[in-house]
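Right, one structure below, let's go through it.
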Amino acid sequence: MNFLWFLSSYRSPILDKVMQLITYFGQDLLIIVAICTLYWCIDKKFAYLVGFNYFVSGLLIQTLKITFRIPRPWILDPNFKPVTSALSGATGYSFPSGHTQGATSFFFTLSLSSKKRVVKIVSVITFLLVGFSRMYLGAHTPKDVLVAMAVSLLVAGFLWQIKDVLLDSKNIFLIALLLIITALMVLTYGVFLIQNAQVDLANGLDAIKAAGAGVGFSIGFILERKYVNFKEQGLPFSQQLLKLIVGLLGAFLLKTLFSFLLGKTVVGAALEYFFLVLWVIYLYPLIFEIFLKLKDR
């Protein structure tokens, strides 16, 4: 907490806004939009790698959150005040940092894949800044940020080393099955803790969402590779842009529908993120491929 108090002494309205902007680069919404853009329009294989990193590290981070159940800094020290704008994005427990995990998973994978030195440097600086912004805003302690960063770096580095195995068509079912089992274990663990009142619903929902997303990604990975195998490029820019906008709109409507119908419940959170990710990975590419075939007739 001493470091957070030290940072709080340097806050200013302008710096608050800058740090809030930086922290958005670790927001799950922005990461998912980035994955959608890559997957639907730019580089499907790279998007798969980012997805594996994001969902695997996310499952690990969320498991740590509901296991250690460390409160946010302003709960640990009632005299400490975070930047107000950071409160809406500070869901669940404090340790480890979910924003740091998201940013590190995405931008470290980007740095590994790029051959341009400037991209590598900017990518590393970006996830480091996201981690720092979480501490400046008062949402996380250094321990929260450093552990999240370490876990995400280890996962990203390991998956990068075995990327050829991950994307080999022969291994589709095995890789997906391992991720499904992992996600279901996290789901079972989270539900158990919530039902036994060891974790309250508000702090446990992020783990349930991560589990639902992990299952959706795994099943979508199998179905898309096996039965769709769409081409992400080849269309004029205007049509690519339209494809992206329609897909994102569909994802938004799907998420809104599940939130409206099922609310903030364990079942609702799991199904919402299961179908959201399944839409991104399989359902929307399937619909788009069908549309292109009908258009060509």
Side-chain angles (χ1 to χ4, degrees), residues 18-19 21-61 96-134 145-169 171-172 175 179 213-214 217 220-221 224-225 229-237 239-241 243-245 247-248 251 277 280-281 285:
V18 171
M19 288 298 166
L21 177 63
I22 290 172
T23 212
Y24 283 138
F25 285 89
Q27 194 84 15
D28 57 354
L29 177 62
L30 189 144
I31 299 295
I32 290 175
V33 169
I35 292 175
C36 289
T37 305
L38 287 167
Y39 185 65
W40 292 336
C41 303
I42 300 174
D43 189 338
K44 188 167 72 169
K45 286 187 177 181
F46 175 64
Y48 271 134
L49 289 175
V50 173
F52 273 113
N53 282 318
Y54 183 67
F55 292 116
V56 170
S57 61
L59 287 169
L60 292 175
I61 292 299
S97 167
H99 281 73
T100 304
Q101 171 259 318
T104 305
S105 297
F106 183 85
F107 288 103
F108 185 57
T109 305
L110 181 59
S111 73
L112 290 173
S113 68
S114 178
K115 296 180 181 179
K116 296 181 179 179
R117 188 169 183 177
V118 65
V119 175
K120 291 179 178 293
I121 293 173
V122 170
S123 297
V124 172
I125 290 175
T126 299
F127 73 72
L128 289 175
L129 282 175
V130 169
F132 179 79
S133 74
R134 301 309 290 160
V145 169
L146 291 175
V147 170
M149 203 172 289
V151 170
S152 302
L153 288 172
L154 287 171
V155 170
F158 173 72
L159 293 181
W160 181 258
Q161 291 299 316
I162 64 167
K163 61 183 182 296
D164 293 333
V165 175
L166 285 176
L167 300 178
D168 191 329
S169 298
N171 302 321
I172 291 175
I175 297 299
L179 185 53
F217 179 80
F221 179 67
E224 194 286 322
R225 293 291 299 273
N229 200 23
F230 77 102
K231 304 297 181 185
E232 70 275 28
Q233 298 183 14
L235 295 175
F237 175 77
Q239 294 182 32
Q240 288 284 70
L241 181 60
K243 177 173 68 173
L244 177 62
I245 292 173
L248 291 175
V277 176
V280 172
I281 301 300

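For the numbers below, each heavy atom of this structure counts, side chains included, while hydrogens, waters and symmetry mates do not. Residues: numbered from 1 along the sequence shown.
Separating the CD1 atom in Ile172 from the CG atom in Leu166 is a distance of 11.5 Å, to the nearest 0.5 Å. Note that CG of Leu153 is 10.5 Å distant from CG of Leu146, once rounded to the nearest 0.5 Å. Atom NZ of Lys44 and atom CD of Gln233 lie 11.0 Å apart (nearest 0.5 Å). With values rounded to the nearest 0.5 angstrom, Thr126 atom OG1 is found 11.5 Å from Ile121 atom CD1. In this structure, OG1 in Thr100 is found 5.5 Å from CE in Met149, a value given to the nearest 0.5 Å. Considering CG of Leu241 and OG1 of Thr37, their distance stands at 9.5 Å, rounded to 0.5 Å.
Phe217 places none of its side-chain heavy atoms less than 4.5 Å from the side chain of Val280. Contact annotation: the side chain of Leu38 never approaches that of Glu232 to less than 4.5 Å [non-hydrogen atoms, C-beta and beyond]. Using a 4.5 Å heavy-atom cutoff, the side chains of Val155 and Phe108 are not in contact. Using a 4.5 Å heavy-atom threshold, the side chains of Lys243 and Cys41 count as touching. By the 4.5 Å heavy-atom criterion applied to side chains, Leu154 and Phe158 are not counted as neighbours. For the pair Ser105/Phe55, no side-chain contact is recorded, criterion being any heavy-atom separation below 4.5 Å from C-beta on. By the 4.5 Å heavy-atom criterion applied to side chains, Leu179 and Leu59 are counted as neighbours. Contact annotation: the side chain of Phe127 never approaches that of Phe106 to less than 4.5 Å [non-hydrogen atoms, C-beta and beyond].
Ile61 and Ala148 make their closest contact through CD1-CA, 3.8 Å (heavy atoms, listed as atom of the first residue, atom of the second, distance). Closest approach of Asn171 to Val165, counting heavy atoms only: ND2-O, 3.0 Å. For Glu224 against Phe230, the heavy-atom pair with the smallest separation is OE2-N, 2.9 Å. In terms of heavy atoms, Met19 sits closest to Phe132 at CE-CE2, 3.5 Å. Residues Val145 and Arg134 share a closest heavy-atom pair of CG2-CB, 4.2 Å.
Side-chain N/O atoms of Thr23 and Ser133 include a donor and acceptor closer than 3.5 Å.
Put simply, the side chain of Ser114 never gets that close to the backbone of Leu110: no donor and acceptor are under 3.5 Å apart. At distances below 3.5 Å, not a single donor-acceptor pair connects side-chain atoms of Asp168 with backbone N or O atoms of Asp164.
Ring geometry for Phe52 versus Tyr48: interplanar angle of 30 to 60°, hence tilted.
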Check against side-chain contact (heavy atoms from CB on, under 4.5 Å), Gln101 and Tyr54: CA-CA 8 Å; Gln101 171 259 318; Tyr54 183 67; 3.7 Å; yes

From CA spacing to verdict: side-chain contact (heavy atoms from CB on, under 4.5 Å), Val50, Phe46: CA-CA 6 Å; Val50 173; Phe46 175 64; 3.6 Å; yes

From CA spacing to verdict: side-chain contact (heavy atoms from CB on, under 4.5 Å), Leu167, Arg225: CA-CA 10 Å; Leu167 300 178; Arg225 293 291 299 273; 4.2 Å; yes

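Partners of Gln27 under the side chain to side chain donor-acceptor pair (under 3.5 Å) rule, at least two apart in sequence or in another chain, are His99.
Within a 6.0 Å radius of CZ in Phe25, other residues, nucleotides and ligands contribute 12 heavy atoms or fewer.
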